Enquirer: 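Have a look at this one before I ask anything.
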Amino acid sequence: MPQTKPIVSVENVVASASVDQKMDLNEITRTFPDVEYHPDQFPGLVFRLKSPKTATLIFTSGKMVCTGSKSEEMARKAVKTVVQKLRKGGIKVKKDAVVEIQNIVASINLGGKIHLEQAARTLPRSMYEPEQFPGLIHRMLDPKTVILLFSSGKLVCTGAKKEPDVYRSVNNLHALLEEKDLMIYD
Amino acid sequence: RLRTWDSRSQVHEPVDRNFRQAFSELDRLKDKLAVGDAVIEKAAYIYRKALEKGLVRGRSISALIASALYAACRDTETPRTLKDIGQASNIKRKDIARCYRLLLRELNLKMPVVDPIKCISRIASKAGLSEKTKRKATKILQTAEENKISAGKDPMGLAAAALYVACVTNGENKTQRDVAEAAGVTEVTIRNRYKGLKVALNL
DNA sequence: GCTTTAAAAAGTAAATT
DNA sequence: AATTTACTTTATAAAGC
């Protein structure tokens, strides 16, 4: 019954990973001159890949955080590539990394405008402060995500750990907006 | 004033030391911002709720009262910007905004959306604009809101643009810079809002 | 709470040209 | 005044202050 089909695009995936062994970040810095490592500023070493275009933070514990992927699969591939490069560079990594998706950010176009100030009054758990930010911030309980709504009809969904949760969030909200008559289609 | 809370302060020790500090700060802000007693009482009420929910732990008392006062202003539709509260309290605008959003989330507060029409008076008095211009700006914003160009825009920017347009049509000699300065926005923002106003009002 | 990383939305701001 | 760069908001992990 929604009047339009939302166009969803995953923009960023954050994944945590672990190779379950201590890592010598100074050794990595020596063999990979392009990495950024400033221990007094931040304990993680930044390892950037051109493809997939990602940034992976590596900690002495062997735990990692990979950001910038456009999909869950790309994030897993990026972590594998990082471990592969470390091994090629002579860094001993015994096990393969165990990857967990932590957050998915998606942009959405609903295909119609949203009546924001009315939505601010009728949507529960929402905040609309145009002096601070042009979007309305809505906290969805199930799936537990946060959606930013803009008057243009575009959205940003974040907090999801699975791609299906992004779609469920968007569909829930879209139905809610139509139900409460907050959509404006031309 | 604030005697009610002071008397409690002598009964419950650690909590009330916090109250005293909070309310003396609130009293100081009251004079600096020239807000009424009703706003101060609301701010005190919000702060007390925050304290009961344990939101003060590890947080700056000053930042929290300032935020509670901003929330009270919003709730009573008293036009005070985050910038105003920031200057009066010497706390960064960003920190007040963050605490304010925390109060909204944790205390489940619902605030009315800021009405740009209520921003007109403050800007007009700072810039020294006439009553006639204020009335015209109000009319402009009323028509503008019906054409929903305000969504997502800073209410101060909208009010400033409406006042600037009103000045031009009334022949009041004020530059964009004068109005922008009084409103705390840039001339570029006034120009951008003016474009939308022109379309919505056929100017 | 902060520090760092990534990305989108739309508004505002500041620095260049 | 047009461009460019940059910051506002949201979530999320990592180790340590």
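For clarity, every value in this text was computed on a predicted model and none was experimentally measured. Protein chains get the first letters and strands the later ones, always in sequence-line order, with residue 1 at the start of each.
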Enquirer: Please indicate whether Lys174(B) has more than 12 foreign heavy atoms, meaning atoms of other residues, nucleotides or ligands, lying under 6.0 Å from its NZ.
Expert: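 Yes.
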Enquirer: If I take atom CG in residue Asp95(B) and atom C1' in nucleotide dT9(D), what distance separates them, rounded to the nearest angstrom?
Expert: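 Taking atom C1' of dT9(D) as the reference, CG of Asp95(B) is at 15 Å.
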Enquirer: What's the gap between dT10(D) and dG1(C) when it is taken at their P atoms, as a whole Å value?
Expert: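 Roughly 11 Å separates the two P atoms.
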Enquirer: From the options dT9(D), dA6(C), dA14(D), select the nucleotide whose nearest atom is closest to the side chain of Ala55(A).
Expert: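 Selected nucleotide: dA6(C).
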Enquirer: Can you tell me the distance, in whole Å, between the OH atom of Tyr37(A) and the P atom of dT3(C)?
Expert: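 From Tyr37(A) OH to dT3(C) P: 19 Å.
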Enquirer: Please work out if Gly44(A) contacts a base, only the sugar-phosphate, or nothing of the nucleic acid, heavy-atom cut-off 4.0 Å.
Expert: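 Nothing, no heavy atom under 4.0 Å.
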Enquirer: Looking at Lys53(A), does any N or O in its side chain come under 4.0 Å of the phosphate oxygens OP1/OP2 on dA7(C)?
Expert: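 For dA7(C), OP1 or OP2 has a side-chain N or O of Lys53(A) closer than 4.0 Å.
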Enquirer: Any chance the side chains of Ser169(A) and Thr145(A) put a donor and an acceptor closer than 3.5 Å?
Expert: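 Judged by distance alone, the side chains do pair up.
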Enquirer: Nearest whole angstrom, please: distance from the P of dG16(D) to the CG of Leu25(A).
Expert: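 After rounding, the reported distance stands at 11 Å.
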Enquirer: When you compare dA9(C) with dA2(D), how far apart are their P atoms, in angstrom units rounded to a whole number?
Expert: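 Per the computed distance, 23 Å lies between those P atoms.
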Enquirer: Just compare dT12(D), dT4(C), dA10(C) and give me whichever is closest to any side-chain atom of Leu57(A).
Expert: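 The nucleotide sitting nearest to the side chain is dT4(C).
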Enquirer: Can a side chain N or O of Arg98(B) be found less than 4.0 Å away from OP1 or OP2 on dG1(C)?
Expert: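 So the side-chain polar atoms of Arg98(B) never come under 4.0 Å of the phosphate oxygens OP1 or OP2 of dG1(C).
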Enquirer: Send over the distance from Ile104(A) CD1 to dT10(D) C1', rounded to a whole Å.
Expert: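 Atom CD1 in Ile104(A) sits about 15 Å away from atom C1' in dT10(D).
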Enquirer: Does a side chain donor of either Arg93(B) or Gln87(B) reach within less than 3.5 Å of an acceptor in the other side chain?
Expert: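 There is no such pair (donor and acceptor under 3.5 Å, judged by atom type) between the side chains of Arg93(B) and Gln87(B).
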Enquirer: Are any of Thr189(B)'s side-chain N or O atoms less than 4.0 Å away from OP1 or OP2 of dT12(C)?
Expert: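 No.
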Enquirer: Just how far, in rounded Å, is P of dT12(D) from CG of Asp165(A)?
Expert: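 For the pair Asp165(A) CG and dT12(D) P, the rounded distance is 12 Å.
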Enquirer: Is Arg193(B) near enough to dT12(C) that one of its side-chain N or O atoms lies under 4.0 angstrom from OP1 or OP2?
Expert: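 Yes, because at least one side-chain N or O of Arg193(B) sits under 4.0 Å from OP1 or OP2 of dT12(C).
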Enquirer: Under 4.0 Å, heavy atoms only, any strand: does Ser152(A) hit a base, just the sugar-phosphate, or nothing?
Expert: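 It contacts sugar-phosphate atoms only.
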Enquirer: For dA9(C) and Ser107(A) - does any side-chain N or O of the residue sit under 4.0 Å from the phosphate oxygens OP1/OP2?
Expert: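 Negative; the distance criterion is not met.
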Enquirer: Considering only the P atoms, how many Å lie between dT3(C) and dC7(D), rounded to the nearest integer?
Expert: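 It works out to 13 Å between them.
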Enquirer: Out of dT10(D), dA13(D), dA13(C), which nucleotide sits closest to the side chain of Val185(B)?
Expert: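 Of dT10(D), dA13(D), dA13(C), dA13(C) is nearest to the side chain of Val185(B).
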Enquirer: Examine Arg48(B) relative to Phe19(B) and say whether NZ or CZ is less than 6.0 Å from the centre of the six-membered ring and inside a 45° cone about the ring axis.
Expert: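 Flagged: Arg48(B) positioned over aromatic ring of Phe19(B).
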Enquirer: Quick one: closest heavy-atom pair of Ile114(A) and Phe150(A), and the distance?
Expert: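 Where Ile114(A) meets Phe150(A) most closely, the heavy atoms are CD1-O, 3.5 Å.
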Enquirer: Kindly confirm whether the side-chain ring of Phe42(A) is stacked on the base of dT3(C), judged by centres under 5.5 Å and planes under 30°.
Expert: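 By the stated criterion, Phe42(A) and dT3(C) do not stack.
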Enquirer: Look at the side chain of Val14(A) and decide which nucleotide, out of dA13(D), dT5(C), dA15(D), has an atom nearest to it.
Expert: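 The nucleotide sitting nearest to the side chain is dA13(D).
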Enquirer: For dA11(D), take OP1 and OP2 only and decide whether either is under 4.0 Å from a side-chain N or O of Arg139(A).
Expert: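 Indeed, a polar side-chain atom of Arg139(A) lies that close.
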Enquirer: Can you tell me which nucleotide in dA8(C), dA13(D), dT3(C) comes closest to the side chain of Pro43(A)?
Expert: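 The listed nucleotide nearest to Pro43(A)'s side chain is dT3(C).
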Enquirer: Using a cut-off of 4.0 Å on non-hydrogen atoms, how would the nucleic acid contact of Ser151(A) be classed: base, sugar-phosphate, or nothing?
Expert: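 Counting heavy atoms under 4.0 Å across all strands, no contact is made by Ser151(A).
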Enquirer: How long is the line joining CD1 of Ile149(B) and P of dA10(C), in whole Å?
Expert: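 So the CD1-P distance, Ile149(B) to dA10(C), works out to 17 Å.
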Enquirer: Scan every strand shown for a Watson-Crick or G-U wobble partner of dT3(C), both distances under 3.5 Å, and answer none if you come up empty.
Expert: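 Its partner is dA15(D) (Watson-Crick or G-U wobble, both distances under 3.5 Å).
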Enquirer: Regarding Tyr100(B) and Glu129(A), is there a side-chain donor-to-acceptor distance under 3.5 Å anywhere?
Expert: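 The answer is yes; a qualifying pair exists.
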Enquirer: Tell me the closest heavy-atom pair linking Ser126(A) and Leu123(A), and the distance in Å.
Expert: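 Minimum heavy-atom separation between Ser126(A) and Leu123(A): OG-O, 2.7 Å.
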Enquirer: If you assign Thr54(A) and Glu187(B) each to the DNA chain C nucleotide with the nearest heavy atom, which residue ends up on the more 5' nucleotide?
Expert: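 Looking at DNA chain C, the more 5' nearest nucleotide goes with Thr54(A).
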Enquirer: DNA chain C: Arg59(B) or Asn103(A), which has the more 5' nearest nucleotide?
Expert: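 Looking at the nearest nucleotide for each, Arg59(B) comes out on the 5' side.
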Enquirer: Does a side-chain N or O from Lys94(B) land closer than 4.0 Å to OP1 or OP2 of dT8(D), or not?
Expert: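 For dT8(D), OP1/OP2 do have a side-chain N/O of Lys94(B) under 4.0 Å.
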Enquirer: Rounded to whole Å, how long is the line connecting atom CD1 of Ile137(A) with atom C1' of dA10(C)?
Expert: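 Roughly 13 Å, once rounded to whole Å.
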Enquirer: Report which part of the nucleic acid Val105(A) touches: base, sugar-phosphate, or nothing (heavy-atom distance under 4.0 Å, all strands).
Expert: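 Base: the residue Val105(A), judged by heavy atoms under 4.0 Å, touches a nucleobase.
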Enquirer: Please tell me if Thr186(B) has a side-chain N or O lying less than 4.0 Å from either OP1 or OP2 of dT12(C).
Expert: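 It does not, given that no N or O in the side chain of Thr186(B) lies less than 4.0 Å from OP1 or OP2 of dT12(C).
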Enquirer: Between Lys118(B) and Thr78(B), is there a side-chain donor-acceptor contact under 3.5 Å, judged purely by atom types and distance?
Expert: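 No donor-acceptor contact under 3.5 Å links the two side chains.
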Enquirer: Which of these nucleotides, dT12(C), dT10(D), dA14(D), is closest to any side-chain atom of Lys63(A)?
Expert: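 The nucleotide sitting nearest to the side chain is dA14(D).
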Enquirer: Whole Å only: how far is the CG atom of Leu64(B) from the P atom of dG1(C)?
Expert: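 Computing the Leu64(B):CG to dG1(C):P distance gives 11 Å.
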Enquirer: With rounding to whole Å, what would you report as the distance between dA7(C) and dT3(D) at their P atoms?
Expert: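 Roughly 24 Å separates the two P atoms.
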